[in-house]
Amino acid sequence: MIKVLFFAQLKDVLGTGQLEIDEPINDVAALRRTLQARGELWSEYLSAQRALVAVNQTIAHEDTRIGPNDEVAFFPPVTGG
Amino acid sequence: MTISVSVSTQVLDIQQLSAALQTASLGKCGALVTFTGLVRDFSTLSNVDALSLEHYPGMTERAMAALAEQAKDRWAVEHVVVCHRVGEMQSGDVIVFVGIASAHRAAAFDAAQFIMDQLKTCVPLWKKERSNGQWHWTAQKDSDRSQAARWSAPSGNGD
């Protein structure tokens, strides 16, 4: 089971801050595709241009591997400081 | 060499943070550079009447510690302190505090600037503003991206 988190605008737009994925997923690109298939807003806001990804709290890339029990977070470009 | 990072929903006391850093630095360090980011008086800029910061608990601290480690590897710094405020805040509140102590000033200036520039593009924090009763997420600025990018430029001499 992969734990997926959404932050900031993504959490508001998608209407959820957390969900779990049971199907086998190999990498970030595959997880992104799976989530984007959930609907128009998901497809738009989770595109690689709009949403950054972290795997186990470290910034990840499209080819970053994902395994069971990993925590994967999607979020917009950061605006702290 | 020490690194201290924290995320807080409470008001950040820069006098206390600076004094602690100064005490830790006595003897070995000849330079102490601090940066404080403040909430501007938003009421004069627009009809924004509140500001709030969301973060990714756990990763925010990790990302700030990673920046402090990078600064330590890149410059001869003795102590690095990075504190960030989250939650709702008022005009004049401290959003972020970066403090660096080193033997000589150049390392402390560079490390402080590096950490602030990188923090704005690498640390999972998101700002939102309220105007006319509605919250709006703030967009990342191009200038923040270019400020951060200059540290990875081959010449590294900024612009």
Side-chain angles (χ1 to χ4, degrees), chain A residues 1-21 25 27-28 31-32 35 39-81, chain B residues 5 7 35-40 51-67 69 82-87 89 94-98 112-129 134-145 147-148:
Chain A
M1 186 202 75
I2 300 162
K3 181 173 160 189
V4 183
L5 303 175
F6 303 107
F7 289 96
Q9 190 186 28
L10 291 187
K11 183 171 73 180
D12 289 354
V13 169
L14 304 177
T16 181
Q18 181 176 339
L19 54 81
E20 283 156 9
I21 299 276
I25 300 267
D27 60 14
V28 166
L31 178 62
R32 199 191 286 275
L35 293 168
E40 212 170 295
L41 282 174
W42 295 73
S43 174
E44 183 183 343
Y45 281 87
L46 292 179
S47 72
Q49 290 74 36
R50 296 185 82 145
L52 305 179
V53 187
V55 174
N56 297 325
Q57 305 191 351
T58 300
I59 291 286
H61 306 283
E62 293 308 287
D63 58 358
T64 301
R65 308 290 294 173
I66 298 176
N69 305 316
D70 278 350
E71 176 179 295
V72 184
F74 289 85
F75 46 80
V78 304
T79 53
Chain B
V5 301
V7 173
F35 170 81
T36 305
L38 301 170
V39 178
R40 269 170 296 187
L51 183 146
S52 185
L53 263 136
E54 180 178 319
H55 79 301
Y56 180 174
M59 183 174 168
T60 308
E61 293 86 341
R62 283 171 70 130
M64 293 196 309
L67 288 181
E69 287 286 347
V82 186
C83 302
H84 211 289
R85 176 87 182 271
V86 293
M89 52 198 86
V94 174
I95 297 187
V96 59
F97 173 89
V98 174
Q113 193 139 26
F114 166 82
I115 287 175
M116 271 312 301
D117 286 348
Q118 296 293 319
L119 184 142
K120 284 189 165 270
T121 57
C122 300
V123 178
L125 292 149
W126 303 275
K127 209 172 277 160
K128 60 179 175 180
E129 297 172 340
Q134 296 246 313
W135 287 99
H136 303 278
W137 292 100
T138 303
Q140 194 179 56
K141 294 187 200 128
D142 288 339
S143 57
D144 286 338
R145 274 191 290 273
Q147 287 279 101

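Residue numbers begin at 1 in each chain, while the letters A, B, ... track the order of the sequences. Every heavy atom of this structure was used, including side-chain atoms; hydrogens, water molecules and symmetry mates were not.
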**Student:** Mind listing the closest non-hydrogen atom pair of A:T79 and B:T138 along with its distance?
**Tutor:** CG2-O, 3.3 Å
**Student:** Give, as side chain, backbone, both or neither, the part of B:A63 having an atom under 4.5 angstrom from any heavy atom of chain A.
**Tutor:** neither
**Student:** May I ask you to name which of B:G58, B:C122, B:A66, B:G37 has the most heavy-atom pairs under 4.5 Å with chain A?
**Tutor:**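 The answer is B:G58.
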**Student:** OG1/A:T58 to CE/B:M59 distance, rounded to the nearest 0.5 angstrom?
**Tutor:**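 Spacing of OG1 (A:T58) from CE (B:M59) equals 6.5 Å.
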**Student:** Given heavy-atom pairs under 4.5 angstrom as the criterion, report whether the side chain, backbone, both or neither of B:H55 touches chain A.
**Tutor:**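 The backbone, not the side chain.
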**Student:** As a quick check of understanding, evaluate side chain to side chain donor-acceptor pair (under 3.5 Å) for B:W137 and A:D12, giving each step before the final call.
**Tutor:** CA-CA 10 Å; B:W137 292 100; A:D12 289 354; 2.9 Å; yes
**Student:** Any donor and acceptor pair, going by atom type alone, linking the side chain of B:K127 with main-chain N or O of A:G81 inside 3.5 Å?
**Tutor:**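 Checked: pair present.
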**Student:** Can you give me the closest heavy-atom contact between B:L119 and A:V78, atom names plus distance?
**Tutor:** O-CG2, 4.3 Å
**Student:** Using every non-hydrogen atom in the two residues, find where B:H84 and A:G80 come nearest and quote the distance to one decimal.
**Tutor:**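 In this case the closest contact between B:H84 and A:G80 is NE2-C, 4.0 Å.
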**Student:** For A:L52, is it the side chain, the backbone, both, or neither that has a heavy atom closer than 4.5 Å to a heavy atom of chain B?
**Tutor:** neither
**Student:** Any idea how A:F7 and B:W126 line up, ring-wise: parallel (<30°), tilted (30 to 60°), or perpendicular (>60°)?
**Tutor:**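 The rings of A:F7 and B:W126 lie parallel, inter-plane angle below 30°.
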**Student:** Heavy atoms only, distances under 4.5 angstrom: which of A:P77, A:A8, A:P76 has the most pairs with chain B? Name it, please.
**Tutor:**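 When all of A:P77, A:A8, A:P76 are compared, A:A8 has the most.
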